[in-house]
Undergrad: 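My questions all concern the structure below.
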Amino acid sequence: MSEFTEKGITFSPTALRNRRALITGGGGGVGSACAVQLAAAGASVAVVDMRESSAQAVADKIQSSGGTAVAYQADASSETAMRPVVDSAVSALGGLDAIITCAAISLRSTVPALTMEIWESIIRVNLTGTFVPVKLTLPHLLAAGGGTIVTIGSMASLVAVGDSCAYEASKGGVALFTKAVAVEYAERGIRANCVCPGRVPTDFNANTRRLTGLASEEPREPISRRAYIPMARSAHPDEIATVVAFLCSDASSYMTGVTIPVDGGYTAV
């Protein structure tokens, strides 16, 4: 069972013992929480991020707590960049049992103001950046006799949140891509599920600007910030990560092709 701590939630310390996981976008926000949670549950993890220093900081944190972690710098949407990273991670960890795709960007813009550069960047990072790691790790999951794929969607995978059509299109694509993989590999020991966080206080937008150098308009306050959240608060990143850890564990052994909102009730109303 999971237990609450002062900093959020932790999963069982033995639930993922001897599992090996690769996490893209693992250098911050939900991705770093996932890396730490999986390691705390016994997994060895490969932390991949565009920012080498951020990936290394997360790996160092895991190692200082007695866990096993390696860090890599790579663009998750580039097959050329990711292939040697996946190969190195498989060698370092002795194989792979799980892949978690957290890399994502978002820039606010109304449809008329959205430039092709921003549209293509968001689709590339969020959707292609999910496809590429899954494509490259699937042979290793199959070689291990099966495994788990957890993609990170968004409440925007399920409903429109406003002033972010490219983000919504990309995250909707992530959810359906995950279902497609789940169906294709259901009889080969692979489970694929999509976790859809609601509002999580991270430096997501600032990181997008730092990583891409892109700027967008600042339109009206997004619908998502005005909408009713029954639980009346944002999520702690650990509250997302513990669901990811559950999906990587045997406790979720009959779950595949599922899109799971973790949004405080946002999509329920």
Side-chain angles (χ1 to χ4, degrees), residues 10-104 125 128-152 181 185 188-193 211 237 241-242 244-250:
T10 57
F11 203 62
S12 164
T14 60
L16 299 175
R17 182 178 292 168
N18 299 324
R19 305 290 174 88
R20 302 150 300 180
L22 184 146
I23 303 165
T24 62
V30 170
S32 62
C34 288
V36 172
Q37 284 271 4
L38 265 64
S44 301
V45 299
V47 184
V48 183
D49 200 275
M50 280 284 289
R51 303 158 297 173
E52 184 175 9
S53 60
S54 297
Q56 189 61 58
V58 174
D60 289 345
K61 179 179 180 179
I62 291 169
Q63 292 168 354
S64 68
S65 298
T68 299
V70 290
Y72 298 97
Q73 187 279 326
D75 177 354
S77 68
S78 167
E79 186 171 358
T80 300
M82 279 298 299
R83 188 175 294 280
V85 165
V86 170
D87 291 344
S88 178
V90 167
S91 177
L93 302 181
L96 279 180
D97 304 290
I99 167 74
I100 299 94
T101 61
C102 300
V125 174
T128 306
T130 296
F131 164 72
V132 167
V134 170
K135 173 187 175 180
L136 295 177
T137 56
L138 262 169
H140 299 288
L141 299 181
L142 291 168
T148 55
I149 296 166
V150 182
T151 61
I152 301 300
V181 172
Y185 287 91
R188 301 183 67 184
I190 303 293
R191 296 187 298 108
N193 295 291
L211 289 171
T242 196
V244 172
F246 165 72
L247 291 172
C248 289
S249 77
D250 291 339

Undergrad: Can you list the residues that meet the salt bridge (charged side-chain N to carboxylate O under 4.0 Å, His left out) rule with Lys135, with sequence neighbours excluded?
TA: Glu79
Undergrad: With Ala144, which residues qualify under side chain to side chain contact (heavy atoms under 4.5 Å, CB included), at least two apart?
TA: Arg20, Asp97
Undergrad: How far apart are the closest heavy atoms of Pro133 and Thr24, and which atoms are they?
TA: CG-CG2, 3.9 Å
Undergrad: How would you list all residue pairs meeting salt bridge (charged side-chain N to carboxylate O under 4.0 Å, His left out) that involve residues 139-152, not counting sequence neighbours?
TA: none
Undergrad: Quick check: closest heavy atoms across Cys248 and Thr148, and the distance to 0.1 Å?
TA: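 Heavy-atom minimum between the residues: CA-OG1, 3.7 Å.
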Undergrad: What closest approach, in Å, do Asp75 and Ala81 show between heavy atoms, and which atom pair accounts for it?
TA: O-CB, 4.1 Å
Undergrad: Calculate, to the nearest 0.5 Å, the distance between atoms CG and CD1 belonging to Asn193 and Ile149 respectively.
TA: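 Answer rounded to 0.5 Å: 9.5 Å.
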Undergrad: Report the distance from atom CD1 of Ile100 to atom OG1 of Thr130, rounding to the nearest 0.5 Å.
TA: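 With rounding to 0.5 Å, CD1 (Ile100) is 12.5 Å from OG1 (Thr130).
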Undergrad: Taking only residues two or more places apart in sequence or in another chain, which ones pass side-chain hydrogen bond (donor to acceptor under 3.5 Å, both in side chains) with Thr137?
TA: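 In terms of side-chain hydrogen bond (donor to acceptor under 3.5 Å, both in side chains), with neighbours along the sequence ignored, Thr137 is linked to no residue.
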Undergrad: Start with the C-alpha distance between Ile23 and Val47, add both sets of side-chain angles, then the distance that settles side chain to side chain contact (heavy atoms under 4.5 Å, CB included), and finish with yes or no.
TA: CA-CA 5 Å; Ile23 303 165; Val47 184; 5.7 Å; no
Undergrad: Could I get the full list of side chain to side chain contact (heavy atoms under 4.5 Å, CB included) partners for Val70, not counting sequence neighbours?
TA: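 With sequence neighbours excluded, Val70 shows a side chain to side chain contact (heavy atoms under 4.5 Å, CB included) to Ala46, Tyr72, Ala92, Leu93, given in chain and number order.
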Undergrad: Run the side chain to side chain contact (heavy atoms under 4.5 Å, CB included) test on Ile99 and Val86 for me, step by step, so that the C-alpha distance in whole Å, both residues' side-chain angles and the decisive distance to 0.1 Å come before the verdict.
TA: CA-CA 10 Å; Ile99 167 74; Val86 170; over 6 Å; no
Undergrad: Which salt bridge (charged side-chain N to carboxylate O under 4.0 Å, His left out) pairs, counting each pair once, include a residue from residues 137-149, with sequence neighbours left out?
TA: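 The answer is none; no pair qualifies.
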Undergrad: Please enumerate all residues that pass side-chain hydrogen bond (donor to acceptor under 3.5 Å, both in side chains) together with Ser54, with sequence neighbours excluded.
TA: none
Undergrad: With sequence neighbours excluded, what pairs up with Ala43 under the side chain to side chain contact (heavy atoms under 4.5 Å, CB included) test?
TA: Leu16, Arg19, Leu38, Val45
Undergrad: Counting distance only, does the side-chain N/O of Ser249 pair as donor-acceptor with the main-chain N or O of Phe246 below 3.5 Å?
TA: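 The answer is yes, because a donor-acceptor pair under 3.5 Å joins these two groups.
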Undergrad: Got a list of side-chain donor-acceptor pairs under 3.5 Å for residues 61-68, not counting sequence neighbours?
TA:
{"residue": "Gln63", "atom": "NE2", "partner": "Ala69", "partner atom": "O", "Å": "2.6"}
{"residue": "Ser64", "atom": "OG", "partner": "Asp60", "partner atom": "O", "Å": "3.3"}
{"residue": "Ser64", "atom": "OG", "partner": "Lys61", "partner atom": "O", "Å": "2.7"}
{"residue": "Ser65", "atom": "OG", "partner": "Lys61", "partner atom": "O", "Å": "3.3"}

Undergrad: Is there a donor-acceptor pair closer than 3.5 Å between any side-chain N or O of Ser32 and the backbone N or O of Gly27?
TA: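 It does not hold such a pair.
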Undergrad: Please evaluate residues Asp49 and Gln56 with respect to the criterion side chain to side chain contact (heavy atoms under 4.5 Å, CB included), reporting the C-alpha separation (whole Å), side-chain torsions for both, the decisive distance (0.1 Å), and the verdict.
TA: CA-CA 9 Å; Asp49 200 275; Gln56 189 61 58; over 6 Å; no
Undergrad: Sequence neighbours left out, what passes side chain to side chain contact (heavy atoms under 4.5 Å, CB included) with Arg188? Give chain and number order.
TA: Leu142, Tyr185
Undergrad: Decide side chain to side chain contact (heavy atoms under 4.5 Å, CB included) for Met50 and Val125; before the verdict, give the C-alpha distance in whole Å, the side-chain angles of both, and the deciding distance to 0.1 Å.
TA: CA-CA 11 Å; Met50 280 284 289; Val125 174; over 6 Å; no
Undergrad: Work out which heavy atom in Arg51 is nearest to a heavy atom in Gly28; give both atom names and the distance.
TA: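 Minimum heavy-atom separation between Arg51 and Gly28: NH2-N, 3.7 Å.
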Undergrad: What are the two closest non-hydrogen atoms of Val48 and Ala74, and how far apart are they?
TA: CG1-CB, 4.0 Å
